[in-house]
Amino acid sequence: LKYACNTTTTTPKMKEMALYLMLVLGGNASPTKDDITKALGSVGLEADDDRLTKMLTELEGKDLGELLEEGTKRLAKIGGGGGGGGGGAAAGGAAAAEVVEEKEEEEEEAEIGGGGDLFGGGGGGGDY
C-alpha cells in the first residue's frame, strides 16, 4: 500500500482516489473519509482533507462501476500510444528449424537440472 500511494510516483491528487478504489476492491462498498484517512495513515501518509471531502461528495450516490465504464469509453475515444513495432523479416526454413532444436535442448536441460526436492514432494518431511 505504501508504494501504491508513494507521492513520488503517484501525483498527490490521486492517492485518495487510489486508496478509495483499493478499499472498494477489498470489500468496503462505500469507504468513508475516516476509512481512507486511517488507511493512508497506516503507511505514513496524510490525506488532503479538502480534496478528500470534495472527492467523496462527487462520488456520493454514484455507482462506481458505471463511472469506470464511462471513463473507459472516454479513454477509448482519445486513443493511446502507437502500435507495436513492425515484425522482423521472415527467416528461411533452416533458421526456423534451428530455433525448434534449441528449444528442445533447453527443455531437456531444465528436466535434468537440479532443484531435486524444491517443493517438498520427496517425502523428506520438510517444514512445508
Side-chain angles (χ1 to χ4, degrees):
L1 180 63
K2 185 173 186 174
Y3 297 107
C5 295
N6 185 344
T7 56
T8 60
T9 59
T10 305
T11 60
K13 297 176 186 177
M14 296 298 293
K15 68 183 177 184
E16 289 88 359
M17 177 55 81
L19 197 49
Y20 179 88
L21 293 170
M22 283 190 259
L23 288 168
V24 170
L25 286 172
N28 184 344
S30 185
T32 65
K33 187 175 180 178
D34 289 337
D35 294 334
I36 296 169
T37 302
K38 182 179 176 183
L40 283 171
S42 73
V43 292
L45 298 173
E46 290 183 24
D48 180 324
D49 192 55
D50 294 335
R51 184 175 291 130
L52 183 55
T53 300
K54 182 180 178 187
M55 181 192 77
L56 290 173
T57 301
E58 290 176 359
L59 289 172
E60 191 175 325
K62 295 182 181 176
D63 179 65
L64 186 59
E66 290 175 10
L67 291 174
L68 291 172
E69 187 175 326
E70 181 182 326
T72 301
K73 288 178 184 175
R74 288 183 183 184
L75 287 174
K77 287 180 183 177
I78 59 173
E98 187 177 314
V99 171
V100 171
E101 288 177 24
E102 284 182 11
K103 268 190 168 180
E104 288 177 10
E105 285 181 32
E106 289 176 7
E107 289 176 11
E108 288 176 23
E109 290 174 4
E111 291 174 14
I112 295 172
D117 192 32
L118 185 63
F119 296 106
D127 292 340
Y128 302 102

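Note that the coordinates shown come from a computational prediction; the quantities given were computed from them, not determined experimentally.
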How far apart are the closest heavy atoms of [X] and [Y], and which atoms are they?
X: Asp48; Y: Glu16; value: N-OE2, 2.9 Å
X: Ser42; Y: Ala39; value: OG-O, 2.6 Å
X: Pro31; Y: Leu56; value: O-CD2, 3.9 Å
X: Leu40; Y: Ala47; value: CD1-CB, 3.5 Å
X: Val24; Y: Ala29; value: CG2-O, 4.2 Å
X: Asp35; Y: Ser30; value: OD2-O, 4.4 Å

- request: Compute whether any side-chain donor of one residue and acceptor of the other, for Thr53 and Asp50, lie under 3.5 angstrom apart.
  value: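 Side-chain D/A pair, Thr53 to Asp50: absent.
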task: Report yes if the side chains of Leu45 and Leu19 come closer than 4.5 Å at any heavy-atom pair, otherwise no.
output: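 A side-chain contact is absent here, since even the closest heavy-atom pair is not under 4.5 Å.
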query: Does Leu59 reach the side chain of Met17, with side-chain heavy atoms less than 4.5 Å apart?
result: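 Leu59 reaches Met17 side chain to side chain.
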task: Check side-chain hydrogen bond (donor to acceptor under 3.5 Å, both in side chains) between Lys38 and all other residues, then give those that pass, not counting sequence neighbours.
output: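 Partners of Lys38 by the side-chain hydrogen bond (donor to acceptor under 3.5 Å, both in side chains) criterion come out as none, since no residue qualifies.
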task: Output all residues satisfying side-chain hydrogen bond (donor to acceptor under 3.5 Å, both in side chains) with Glu70, sequence neighbours left out; order by chain, then residue number.
output: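 Expected list: Arg74.
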query: How many angstroms lie between atom CG of Leu67 and atom CD of Glu58, to the nearest 0.5 angstrom?
result: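 Here the interatomic distance stands at 10.5 Å.
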